[in-house]
J.: 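Next up is a structure, given as structure tokens.
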Amino acid sequence: MVPKIRKEYNDADRKAVVKNFHAKRILVCGIGPDEYNRISACQSAKEIWEALQTAHEGATQVKQSKIDMLSTKYELFRMKDDESIQDIQTLFTSIINELHSLGKIVPRNKLVRKVLSVLPSSWESKVNAITEAKDL
């Protein structure tokens, strides 16, 4: 396919060029110098987006591997005796945020049930009160 020369552009072509320019500008303004070097040779906003996506998420197989690893972390998540509620909340939130950033959304009711299930037996009365007070 031979690209059109500028004189042959119609209104739709001009609008597409303007949209691509705006999209490229938004993407470039939102990155740092290291990432700019990664995308400086890209011609279109789509190319820039794909390069950034691959750099941050990895290829599809890598992304799925990360999701699998984080899902396993989520499933095996437990509160240790020497951990405080703040400690487990920080760790749990980190796992959930990483899953969310990779496109795997865990429903809020499952998250609440998971947290309640990992609390040690010393928290049993509080867990019972919470589950009885409100249907999760």
Side-chain angles (χ1 to χ4, degrees):
M1 188 170 164
V2 178
K4 290 182 182 179
I5 59 172
R6 213 174 192 123
K7 292 178 184 177
E8 296 173 345
Y9 281 9
N10 59 24
D11 285 341
D13 293 331
R14 286 185 196 88
K15 285 180 182 178
V17 168
V18 169
K19 284 182 182 180
N20 185 57
F21 173 77
H22 287 299
K24 282 174 60 174
R25 188 172 59 190
I26 289 168
L27 290 168
V28 170
C29 288
I31 61 174
D34 293 335
E35 289 166 329
Y36 180 78
N37 290 336
R38 221 179 258 143
I39 57 103
S40 61
C42 296
Q43 297 297 310
S44 69
K46 185 177 188 311
E47 287 178 39
I48 292 172
W49 181 256
E50 289 171 350
L52 291 172
Q53 191 173 23
T54 301
H56 289 278
E57 292 180 359
T60 305
Q61 294 167 337
V62 174
K63 182 179 176 181
Q64 189 56 50
S65 294
K66 287 180 183 179
I67 290 172
D68 293 343
M69 180 193 68
L70 288 166
S71 294
T72 301
K73 264 187 172 178
Y74 170 82
E75 293 300 325
L76 298 176
F77 184 78
R78 296 286 178 258
M79 181 177 180
K80 296 174 184 78
D81 292 333
D82 61 337
E83 287 183 313
S84 69
I85 289 294
Q86 290 83 13
D87 292 339
I88 69 158
Q89 190 268 339
T90 301
L91 181 57
F92 191 72
T93 302
S94 174
I95 294 168
I96 297 308
N97 287 345
E98 286 185 63
L99 280 168
H100 189 269
S101 72
L102 293 169
K104 179 160 169 102
I105 310 298
V106 181
R108 184 169 295 285
N109 63 344
K110 281 186 77 175
L111 297 176
V112 172
R113 288 184 195 278
K114 180 66 175 176
V115 169
L116 292 176
S117 72
V118 301
L119 294 172
S121 58
S122 61
W123 286 79
E124 186 175 349
S125 62
K126 293 174 182 146
V127 169
N128 290 337
I130 291 169
T131 55
E132 290 172 8
K134 188 171 186 170
D135 184 21
L136 301 173

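In this chain, numbering begins with 1 at the start of the sequence shown.
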J.: Quick check: closest heavy atoms across C42 and K24, and the distance to 0.1 Å?
T.: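 Between these two residues, the closest heavy atoms are O-NZ, 4.4 Å.
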
J.: Within 45° of the ring axis of Y74 and under 6.0 Å from its six-membered ring centre, is that where the NZ or CZ of K114 lies?
T.: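 The answer is yes, since K114 meets both limits relative to Y74.
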
J.: Any idea which heavy atoms bring E8 and D13 closest together, and the distance?
T.: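 It is O-OD2, 4.3 Å.
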
J.: Judged by atom type as modelled, is there a donor-acceptor pair below 3.5 Å linking the side chain of E47 to the main-chain atoms of Q43?
T.: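 Indeed, once roles are kept as given, a pair shorter than 3.5 Å links the two residues.
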
J.: Taking side chain as C-beta onward, heavy atoms only, is Q89 less than 4.5 Å from T93?
T.: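 With C-beta onward as the side chain, the pair touches.
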
J.: Treat each ILVMFWY residue as a node, draw an edge where side-chain heavy atoms are under 4.5 Å apart, and state whether F21 and I26 are in one component.
T.: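 No: no chain of side-chain contacts under 4.5 Å links F21 to I26.
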
J.: Counting C-beta onward and ignoring hydrogens, is there a side-chain heavy-atom pair between L76 and T72 closer than 4.5 Å?
T.: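 They are in contact (side-chain heavy atoms under 4.5 Å apart), so the answer is yes.
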
J.: Indicate if I85 and I95 have the same hydrophobic cluster label, given that clusters are the connected sets of ILVMFWY residues with side-chain heavy-atom separations under 4.5 angstrom.
T.: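 Yes: a chain of side-chain contacts under 4.5 Å links I85 to I95.
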
J.: Given the rule that I, L, V, M, F, W and Y join up when any side-chain heavy atoms are under 4.5 Å apart, are V28 and V17 in one cluster?
T.: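 No.
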
J.: Answer yes if the side chains of S84 and D87 hold a donor-acceptor pair under 3.5 Å, and no otherwise.
T.: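 Yes - a donor-acceptor pair under 3.5 Å links their side chains.
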
J.: Nearest 0.5 Å, what's the CD1-CD distance between I48 and E35?
T.: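 Here the interatomic distance stands at 12.0 Å.
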
J.: What's the separation between atom NZ in K66 and atom OG in S101, rounded to the nearest 0.5 Å?
T.: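 Those atoms lie 8.0 Å apart.
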
J.: Is the closest side-chain heavy-atom distance between S117 and R113 below 4.5 Å?
T.: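 Result no, sub-4.5 Å side-chain heavy-atom pair not found.
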
J.: Report the distance from atom CZ of R78 to atom CD1 of I88, rounding to the nearest 0.5 Å.
T.: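 Atom-to-atom, R78:CZ and I88:CD1 are 11.0 Å apart.
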
J.: If I take atom CG from residue N10 and atom NZ from residue K15, how far apart are they, to the nearest 0.5 angstrom?
T.: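 Result: 10.0 Å between the selected atoms.
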
J.: Are the side chains of L102 and K104 in touch, meaning some heavy atoms are under 4.5 Å apart?
T.: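 They are not in contact (no side-chain heavy atoms under 4.5 Å apart), so the answer is no.
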
J.: Is it true that a side-chain atom of R14 and a backbone atom of Y9 form a donor plus acceptor pair closer than 3.5 Å?
T.: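 The answer is yes, because a donor-acceptor pair under 3.5 Å joins these two groups.
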
J.: Kindly compute the distance separating CD1 (I96) from CZ (R108), expressed to the nearest 0.5 Å.
T.: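 With rounding to 0.5 Å, CD1 (I96) is 10.5 Å from CZ (R108).
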
J.: Going hydrophobic residue to hydrophobic residue with side-chain gaps under 4.5 angstrom, can you get from F77 over to M69?
T.: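 Same cluster.
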
J.: Is the closest side-chain heavy-atom distance between H22 and K19 below 4.5 Å?
T.: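 Side chain of H22 against side chain of K19, heavy atoms only: no contact under 4.5 Å found.
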
J.: Please report the closest heavy-atom contact between A45 and N20, naming both atoms and the distance.
T.: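 That would be N-OD1, 2.8 Å.
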
J.: If two hydrophobic side chains count as joined below 4.5 Å and joins carry through other members, does V62 share a cluster with W49?
T.: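 Result: no, two separate clusters.
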
J.: Out of curiosity, I31 CD1 to L52 CG, how far, rounded to the nearest 0.5 Å?
T.: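 Result: 5.5 Å between the selected atoms.
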
